[in-house]
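Both backbone and side-chain heavy atoms feed into the values below; hydrogens, waters and symmetry mates do not. Owing to the predicted nature of the structure, the values given are computational and were not obtained by experimental measurement.
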Amino acid sequence: MSSSPESRSPGSSSDSPGGAGSPGGPDATAGAVVKLNPKVVGISIAAAVGGFLFGFDTSVINGAVNALSDEFSLGAGLTGFAVSSALLGCAVGAWFAGSLSTRYGRIPVMVIAAILFFISAIGSGIAFGVWDLIIWRVVGGLGVGAASVIAPAYIAEVAPAKYRGRLGSLQQLAIVLGIFAALLSNAIIANTAGGAAESFWFGVAAWRWMFMIEAVPAAVYGIMALFLPESPRYLIGKGQLDRASRVLYDFTGELDVNLKIEQIRKTLERERKESLRDLLGGRFGLQPVVWLGIALSLFQQLVGINVIFYYSTTLWQSVGFDESQALLTSTITSVMNIVATILAILLVDRVGRRLMLLVGSAGMTVSLGLMALAFSFGQLDPATEAITLPDPWSTIALISANAFVMFFGTTWGPLVWVLLGEIFPNKLRASALAVAAAAQWGANWAVSASFPTLSGIGLSFAYGLYAAFALLSLIFVFLWVPETKDRELEDMDSLQLGRKG
């Protein structure tokens, strides 16, 4: 570099946090950004590739469920466990990612996650039985859990406050693109082979290739992560101020990097050593803002969104679609999820987080309620043991399922990740995000593993339960979720929970 960021930063000096020539004092320049720097968009996209693998890894099993169940002669219970096993690894990976990123940095954890993705893809594809398949899926889950913590934390820490919602939503966009890519590749492989259980390249079963194809984006993610700059907040915490100032100026676009560094350093110095102990306090053992993050994570999963993405192919087969039609329908649903996420990116920094969550909760409650009503008219075919829906209820079920995806995709899908990346104070962010993400993966596992049992009771019961959680999420947001739009991360220490927060 030809000159240091300090020498190029207007109104800053190496000796004064506010800068000798800062008109109007520190408040006038705090966090000032002329425009969105394309470089910060680039590194945010690269970090969000972890989200792509997150979506791909958790959804790739969708098209393979029936084939691997037949090959390994699995009952409903073991099938549910095999499908959801990766989520156990996700919870563990999320739990430890925070402390690892605090100690070693955000970038090394991204690289580790990429390696875990790669190993899982190959291992799952060559599995000899259901139990080693489960082991490889858990390994992949460790990577998913780590990526689910690191990407939103990293993006929030490099993004200017004015654009943080949009850039943070890239994580969810990457997730839904990963889901789409998994479903699309599943459909292409299955249709080319003549079925997921049929032979594909080199005589290997198509469902095995569905897993192994993930090794390609895993390798790409690992390579891209090696070229990303480290988080400036992590660098400041380690005393590497020169590196932090370069990132803040060259990527985040700060006009007064010294002032920003001083702001960040003050928040970090309140508690130099970050640990899970920092999360303790309040009436119920944890600080209120940590409970807020946990509750957001739980509600995001308890509405049952991943039932649609993990079991949709099986679900649509149960109401009369053949395998090809079911895979196509699942792929179309994932495209709608992508469109919904793009809409969220366009709206989040204009409308704000709180209003969008309220609208999403209301829409999900209605659409899930309609699904529950539709499946109450299902009829069991004694010969095939499949549920069939008479018209017009089959159409209502299909429309309601996609409406549910749209409401979730424009609100709770991306906004929870945005909020988790920004609501926690600097000193708590990595650890608190790890706890919230672990809770999210635990809920994801519980919902996914329990769905075969709940659907055995009745699909109407299952979707009625998810509708009830959607209604509870509406009440929760109305009473306790504050608006964080346009707030600097350094101001989150004073965040007040509740409607006027």
Side-chain angles (χ1 to χ4, degrees), residues 49 51-74 79 82-86 114 116-130 132-137 139-141 143-144 174-221 306-318 320-338 405 448:
V49 174
F52 178 91
L53 285 159
F54 167 164
F56 194 105
D57 191 87
T58 54
S59 293
V60 70
I61 192 120
N62 190 310
V65 172
N66 289 341
L68 69 86
S69 179
D70 291 341
E71 178 155 338
F72 299 137
S73 302
L74 307 181
T79 297
V83 170
S84 60
S85 58
L116 293 171
F117 282 127
F118 188 90
I119 293 172
S120 173
I122 301 302
S124 298
I126 62 174
F128 298 104
V130 65
D132 69 308
L133 172 66
I134 289 171
I135 291 172
W136 295 122
R137 295 290 293 153
V139 169
V144 173
I175 292 171
V176 298
L177 286 171
I179 292 171
F180 169 73
L183 294 173
L184 180 62
S185 66
N186 284 355
I188 292 173
I189 291 171
N191 289 337
T192 303
E198 302 300 322
S199 296
F200 193 46
W201 291 329
F202 308 111
V204 177
W207 69 265
R208 295 180 180 275
W209 280 107
M210 292 178 183
F211 289 116
M212 288 190 287
I213 203 73
E214 185 187 356
V216 176
V220 172
Y221 176 50
N306 284 311
V307 165
I308 298 294
F309 293 115
Y310 298 163
Y311 292 101
S312 60
T313 300
T314 302
L315 176 64
W316 299 125
Q317 284 181 278
S318 74
F321 291 10
D322 61 28
E323 183 182 48
S324 177
Q325 291 173 323
L327 283 167
L328 178 61
T329 302
S330 297
T331 304
I332 292 172
T333 299
S334 73
V335 172
M336 293 182 63
N337 200 15
I338 294 171
V405 170
S448 302

Audit row: Leu177, Phe56, side chain to side chain contact (heavy atoms under 4.5 Å, CB included) steps and yes/no:
CA-CA 8 Å; Leu177 286 171; Phe56 194 105; over 6 Å; no
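For Ile134, the side-chain contact (heavy atoms from CB on, under 4.5 Å) partners two or more places apart in sequence, or in a different chain, are Phe81, Ala82, Ser85, Val130, Trp131, Val138.
When all heavy atoms of Ala215 and Phe118 are compared, the closest pair comes out as O-CD1, 3.4 Å. Here the closest heavy-atom approach between residue Arg208 and residue Ile126 is recorded as NH1-C, 3.4 Å. Residues Gly123 and Trp136 approach most closely at O-CD1, 3.1 Å, considering heavy atoms. Of all heavy-atom pairs spanning Ala218 and Ala114, the tightest one is O-CB, 3.6 Å.
One distance of note links CD1 of Ile338 with CD1 of Ile175; it measures 12.0 Å at 0.5 Å rounding. If you take CG on Asn186 and CD1 on Ile189, they are separated by 6.5 Å, rounding to the nearest 0.5 Å. Atom CZ of Phe117 and atom CD1 of Ile122 lie 14.0 Å apart (nearest 0.5 Å). The OG atom of Ser185 sits 12.5 Å away from atom CH2 of Trp209, with the distance rounded to the nearest 0.5 Å.
Panel note: side chain Ser124, backbone Ala121; no donor-acceptor pair is recorded below 3.5 Å.
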